[in-house]
Novice: 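Please see the structure below; I have some questions.
As the structure lists them, so they are numbered: ligands from 1, and atoms in each ligand from 1.
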Amino acid sequence: MTHAFGASPGSEPPFHDVVRTTPATRGFTSDPLPDDVLHRILDGARFAPSGGNRQGWRVIVVRDRATRRRLRDLYQLAWREYIGHVAEGKVPFAPGSDRRWTEPSIDIDAARSTARPNPFADSLDDVPVMLVVVVDLTVLAVLDNGLDRQSIVGGGSIYPFCHNILLGARAEGYGGVLTTAICREEDAVRHLLAIPDPYAVAGLMALGRPVREIRRLRREPVERFTTVDRFDGPTFTV
Ligand SMILES: Cc1cc2nc3c(=O)[nH]c(=O)nc-3n(C[C@H](O)[C@H](O)[C@H](O)COP(=O)(O)O)c2cc1C
């Protein structure tokens with residue numbers, strides 16, 4: 001097992017390296033991620049921005065074996081739905097050309113009953129750290145509510161926090177992944193974890209020591225997505 005950085009105390013990597021080398025890590029060694037490290041990771045993540053600085057997040061550290069197994073089973077159902085879409089060349093649950101999602105574009109029941117073996121989904125109950133991140137809907141200022149399209153703004157008050165967890169884990173020599181597939185099973189998750197009414201499930205996160213060395217992430221260059229003055233304006237470059 002090798003790490004690009006962060007494996008020993010005092011070897012904190014520069015920010016520039018952390019943001020460029022924080023992948024979705026789904027394969028973990030059996031090394032534990034100690035509670036004091038997890039606390040430090042969360043202690044950094046809490047500086048994430050949120051609309052009106054309302055910090056509507058709550059984190060549930062899931063340790064109970066039976067609860068973990070149940071979450072794994074729920075995740076697998078959602079994973080089957082996800083892969084069912086991908087197998088038919090569709091973006092799972094993406095809004096249509098009318099900018100809204102109305103109904104599944106695949107046979108959901110068939111997808112849920114088709115096994116889709118996957119190393120991460122199948123061993124999810126064994127990850128070193130499992131977090132369920134929930135958010136208080138009543139404190140979200142969702143400025144695009146009521147527009148004639150799918151709303152996206154609310155997520156901006158919770159996913160920076162989630163990404164800070166991944167960045168923090170990376171800086172400590174660990175890795176992780178944010179998953180949202182589990183949101184398909186929100187009612188069951190809320191019941192299982194006694195999550196009260198105004199809270200929504202934002203995601204399930206897995207953290208641990210990565211099995212593989214971090215690779216270069218595949219991302220588009222700035223020039224690919226930045227223009228000046230107009231969407232169809234000249235490319236921003238230096
Ligand atoms: C909002 C969001 C939801 C995601 N949901 C899942 C998920 O349900 N399951 C999963 O395995 N990965 C999930 N991911 C991880 C993405 O697949 C990953 O960030 C992307 O493929 C880039 O991977 P890389 O950083 O390793 O290149 C999610 C990421 C984001 C930002």
Side-chain angles (χ1 to χ4, degrees), residues 3-6 13 16-28 45 48-50 56-57 59 62 68 71-87 90-95 101 104 106 108 111-112 116-135 140 142 144 150-171 174-186 188-189 200-221 224-225:
H3 306 292
F5 52 66
H16 175 275
D17 289 340
V18 174
V19 285
R20 285 167 185 254
T21 61
T22 299
T25 297
R26 301 184 183 84
F28 306 104
S50 58
W57 45 75
V59 178
V62 184
R68 278 174 162 239
L71 286 168
R72 175 202 61 199
D73 294 347
L74 292 169
Y75 185 92
Q76 284 172 338
L77 283 176
W79 174 249
R80 290 175 179 187
E81 292 186 8
Y82 185 93
I83 290 299
H85 284 81
V86 174
K90 300 182 190 300
V91 179
F93 302 99
W101 184 88
I106 63 165
I108 287 290
R112 288 169 73 87
R116 300 286 188 180
N118 173 267
F120 174 70
D122 299 345
S123 60
L124 185 58
D125 51 318
D126 278 333
V127 295
V129 168
M130 180 188 286
L131 307 176
V132 172
V133 180
V134 303
V135 61
L140 291 185
V142 186
D144 61 350
Q150 167 92 45
S151 171
I152 62 159
V153 168
S157 286
I158 188 67
Y159 294 117
F161 172 77
C162 295
H163 195 58
N164 270 5
I165 291 176
L166 297 181
L167 294 172
R170 177 67 179 127
Y174 293 86
V177 63
L178 162 69
T179 72
T180 53
I182 199 80
C183 300
R184 298 291 311 155
E185 299 292 329
E186 180 169 88
V189 175
V201 176
L204 180 153
M205 302 188 69
L207 304 177
R209 191 76 86 183
V211 171
R212 273 191 294 280
E213 190 175 355
I214 304 304
R215 64 204 188 286
R216 255 177 95 88
L217 298 183
R218 282 186 300 116
R219 299 292 190 267
E220 301 285 356
R224 176 77 178 77
F225 57 80

Novice: Which ligand 1 atoms, with their elements, are less than 4.0 angstrom from a heavy-atom of Ala181?
Specialist: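 Answer for ligand 1: 8 (O).
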Novice: Out of Arg219, Met205, Arg26, who gets a non-hydrogen atom closest to atom 22 (C) of ligand 1?
Specialist: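 When every heavy atom of Arg219, Met205, Arg26 is considered, Arg219 comes closest to atom 22 (C) of ligand 1.
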Novice: Looking only at protein heavy atoms, which one is nearest to atom 2 (C) of ligand 1, and how far off is it?
Specialist: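 Here the closest protein heavy atom is Leu178 CD2, 3.9 Å.
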Novice: Side-chain contact, heavy-atom cut-off 4.5 Å: Phe93 with Arg184?
Specialist: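 Result yes, sub-4.5 Å side-chain heavy-atom pair found.
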Novice: Decide whether an N or O pair under 3.5 Å exists between Ala24 and ligand 1.
Specialist: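 For ligand 1, there is an N or O atom that lies under 3.5 Å from one belonging to Ala24.
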Novice: Can a protein heavy atom be found under 4.0 Å away from atom 18 (C) of ligand 1?
Specialist: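 It does; a protein heavy atom is within 4.0 Å.
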Novice: With heavy-atom distances below 4.5 Å as the criterion, would you say the side chains of Leu217 and Arg20 are in contact?
Specialist: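 SC-SC contact between Leu217 and Arg20 ruled out.
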Novice: Do ligand 1 and Thr180 have nitrogen or oxygen atoms that lie under 3.5 Å from each other?
Specialist: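 So ligand 1 has an N or O lying under 3.5 Å from an N or O of Thr180.
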Novice: Can you sort out the partners of Asp122 under salt bridge (charged side-chain N to carboxylate O under 4.0 Å, His left out), two or more places apart, ordered by chain and number?
Specialist: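 Applying salt bridge (charged side-chain N to carboxylate O under 4.0 Å, His left out) to Asp122 gives none.
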Novice: How close do Val127 and Ala206 get, heavy atom to heavy atom, and via which atoms?
Specialist: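 The pair with the smallest heavy-atom distance is CG1-CB, 3.9 Å.
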Novice: For Arg218 and ligand 1, answer yes if some heavy atom of the residue is under 4.0 Å from a ligand atom, otherwise no.
Specialist: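 Contact check Arg218 vs ligand 1: negative.
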Novice: What pairs of residues pass the side-chain hydrogen bond (donor to acceptor under 3.5 Å, both in side chains) test when at least one of them lies in residues 151-165, not counting sequence neighbours?
Specialist: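 As it turns out, the side-chain hydrogen bond (donor to acceptor under 3.5 Å, both in side chains) pairs with a partner in residues 151-165, which skip direct neighbours, are Asp144-Ser151.
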Novice: Side chains of Met130 and Leu71, heavy atoms from C-beta outward: is any pair under 4.5 Å?
Specialist: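 Side-chain contact under 4.5 Å: yes.
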Novice: Between the main-chain N or O of Val62 and the side-chain N or O of Arg68, is there a donor-acceptor pair closer than 3.5 Å?
Specialist: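 Checked: pair present.
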Novice: Would Tyr159 count as a polar contact of ligand 1, with the cut-off being nitrogen or oxygen pairs under 3.5 Å?
Specialist: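 Among all N and O atoms of Tyr159, none is under 3.5 Å from an N or O of ligand 1.
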Novice: With only distance considered, is Pro23 within less than 3.5 Å of ligand 1 through an N or O on each side?
Specialist: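 Min N/O separation from ligand 1 is not below 3.5 Å for Pro23.
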Novice: Hey, is His163 one of the residues with a heavy atom under 4.0 angstrom from ligand 1?
Specialist: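 His163: no contact with ligand 1 (<4.0 Å).
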Novice: Is it true that Tyr75 lies under 4.0 Å from ligand 1, counting heavy atoms only?
Specialist: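 Under 4.0 Å: yes for Tyr75.
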Novice: Would you please classify the geometry between the Phe161 ring and the Trp57 ring as parallel, tilted or perpendicular, with 30° and 60° separating the classes?
Specialist: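 Because their plane-to-plane angle is under 30°, the rings of Trp57 and Phe161 count as parallel.
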